[in-house]
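Read through the structure below, which is laid out as structure tokens, and then see the notes.
Since this is a predicted model, take the numbers as computed values, not measurements.
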Amino acid sequence: PPPHRPRGRPHARGRARLRQNHRVRADVCRNDRVIINRSFVTPRRARLRRAHRDDAKDAMSGIGSGYDLSTTTYPPDGRVFQVEYASKAVDNGGLTIGVACADGVVIGCETLVPSKLHTPNTTRRIGAVARHAGIGASGYAPDARAVRDRARAECAQYKSFYGDAIPGKLLADRMAHYYHLFTLYWSVRPFGCASVLAVKDFDGYHLYTLEPSGECAKMRGACVGKGKSAAKTEVEKFNFSEMKCEEAVREVARIIYATHDVKDKDFECELSWICDASAGEFQRVPDALAEPARAAAAAAVAGDADAMDAT
């Protein structure tokens with residue numbers, strides 16, 4: 001006979017056997033109770049669990065947890081977080097403006113001065129990549145320098161192979177492809193800079209924008225970097241396609257000074273162009289024209305600030 005057990009609560013093994021008898025392996029419905037994972041859960045609790053799980057997935061895809069480690073992983077909503085982070089790096093840099101005028105293209109750049117000991121005009125964001133093309137960038141300066149060097153290599157390679165200057169559309173497409181390559185592999189990161197490309201072709205002057213995602217577009221006016229929304233609003237007020245480059249230089253300088261954030265450090269206003277006045281070559285705007293434009297822009301901003309203080 002089995003050993004005697006005192007009356008009271010059943011033995012631990014008996015309790016486990018009783019629980020096992022009330023569980024099933026399949027998901028069935030019995031007595032208005034949903035059985036999930038071999039344990040009884042009411043329909044309301046099951047709905048709460050599913051809602052919590054869906055909220056957790058949405059939160060994970062929203063903040064990029066687990067999906068922002070490389071550009072080769074898509075979250076459920078189809079975004080590429082590394083490219084978005086690169087765009088944030090561009091927005092933290094200085095403003096770059098490009099406008100296509102009747103006789104050329106003007107590019108202006110807001111170069112932030114990192115220190116009072118900084119030597120002026122030593123960290124430039126605008127540079128020529130060929131005699132007929134130039135590029136300005138916002139974002140990380142080393143990334144912008146790497147992109148500019150690549151554009152120079154593309155121009156030199158095409159010139160060496162074909163014996164002629166590279167067309168502007170082809171140069172823009174090649175640089176956009178170069179940008180896009182850095183969004184395809186887990187071992188590299190996207191460029192933290194956006195560029196504005198000005199070129200002269202056989203059919204006139206053209207302006208292109210290059211984004212960290214590899215997107216390329218031909219524009220009449222382009223703004224990238226910090227304060228681009230306010231600068232775009234100002235650019236849209238003018239019809240630069242009917243304006244000469246000499247007039248556009250003054251307006252571009254005024255927009256850069258007007259949209260500069262007073263919380264930032266001191267800055268330098270770079271101005272370059274490629275137009276009929278420069279004989280179709282990408283050059284810095286001559287000091288005889290650039291310095292008065294900067295002085296007038298600074299005076300206009302100071303006058304607006306005084307008027308606001310008076311009111």
Query raised in the report: Hey, which of D103, V249, V252, V105 is the one that makes side chain to side chain contact (heavy atoms under 4.5 Å, CB included) with W273?
Result: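 Single pass found, and it is V249.
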Quick one: are [X] and [Y] in side-chain contact, heavy atoms under 4.5 Å?
| X | Y | result |
| --- | --- | --- |
| I107 | T96 | yes |
| Y85 | P212 | no |
| C101 | E251 | no |
| Y158 | P167 | yes |
| E268 | P120 | yes |
| F267 | L112 | yes |
| Y208 | L171 | no |
| F282 | K200 | no |

Any side-chain to backbone donor/acceptor pair from [X] onto [Y]? Under 3.5 Å, distance only.
| X | Y | answer |
| --- | --- | --- |
| H132 | G168 | no |
| T259 | I255 | yes |
| S278 | C275 | yes |
| R148 | G127 | no |

Report task. Evaluate the ring pair (Phe, Tyr, Trp, His ring centres under 6.0 Å) criterion for residues F191 and Y140: first the C-alpha distance (whole Å), next the side-chain angles of each, then the deciding distance (0.1 Å), finally the verdict. Result -> CA-CA 8 Å; F191 283 109; Y140 287 140; over 10 Å; no
Requested in this report: Mark yes when over 12 heavy atoms from residues, nucleotides or ligands other than R131 sit less than 6.0 Å from its CZ; otherwise mark no.
Outcome: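 No - once you tally the heavy atoms of other residues, nucleotides and ligands closer than 6.0 Å, there are 12 at most.
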Report task. Would you indicate whether E291, at its atom CD, is surrounded by more than 12 heavy atoms from other residues, nucleotides or ligands within a distance under 6.0 Å? Result ->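 Buried by this count: over 12 neighbours within 6.0 Å.
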Query raised in the report: Other than Y74, what residues sit in its cluster of Ile, Leu, Val, Met, Phe, Trp and Tyr side chains whose heavy atoms are under 4.5 Å apart, directly or through others?
Result: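 Via sub-4.5 Å side-chain contacts, Y74 links to V80, V83.
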Query - Residues clustering with V113 (ILVMFWY side chains joined when closer than 4.5 Å, directly or via others) - result: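 Members other than V113 - counting any ILVMFWY side chain reachable under 4.5 Å - there are none.
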Is [Y] reachable from [X] through a run of I, L, V, M, F, W or Y residues, each pair having side-chain heavy atoms under 4.5 Å apart?
| X | Y | value |
| --- | --- | --- |
| L197 | I126 | no |
| L170 | F161 | yes |
| L184 | W186 | no |
| Y257 | V235 | yes |

**Report entry** Evaluation steps, side-chain contact (heavy atoms from CB on, under 4.5 Å), between V99 and L207
**Finding:** CA-CA 7 Å; V99 292; L207 177 69; 5.6 Å; no
Salt bridge between [X] and [Y], side-chain N to carboxylate O under 4.0 Å?
| X | Y | answer |
| --- | --- | --- |
| E154 | R150 | yes |
| D203 | K169 | no |
| E234 | R254 | yes |
| R125 | E270 | no |
| R152 | D149 | yes |

Query raised in the report: Taking atom SG of C193 and atom CD1 of I135, what is their separation to the nearest 0.5 Å?
Result: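 Rounded to the nearest 0.5 Å, the SG-CD1 separation comes to 8.0 Å.
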Requested in this report: Calculate, to the nearest 0.5 Å, the distance between atoms CZ and OG belonging to R220 and S241 respectively.
Outcome: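 Interatomic distance, R220 CZ to S241 OG, rounded to 0.5 Å: 7.0 Å.
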Requested in this report: Please lay out, stage by stage, how L210 and Y178 fare under the test side-chain contact (heavy atoms from CB on, under 4.5 Å).
Outcome: CA-CA 10 Å; L210 302 169; Y178 184 64; over 6 Å; no
Requested in this report: Please determine, by modelled atom types, if Q82 and T71 share a side-chain donor-acceptor pair under 3.5 angstrom.
Outcome: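 There is no such pair (donor and acceptor under 3.5 Å, judged by atom type) between the side chains of Q82 and T71.
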Query - Under 3.5 Å side-chain donor-acceptor pair for D276 and Y205 - result: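 D276 vs Y205: donor-acceptor pair found between side chains.
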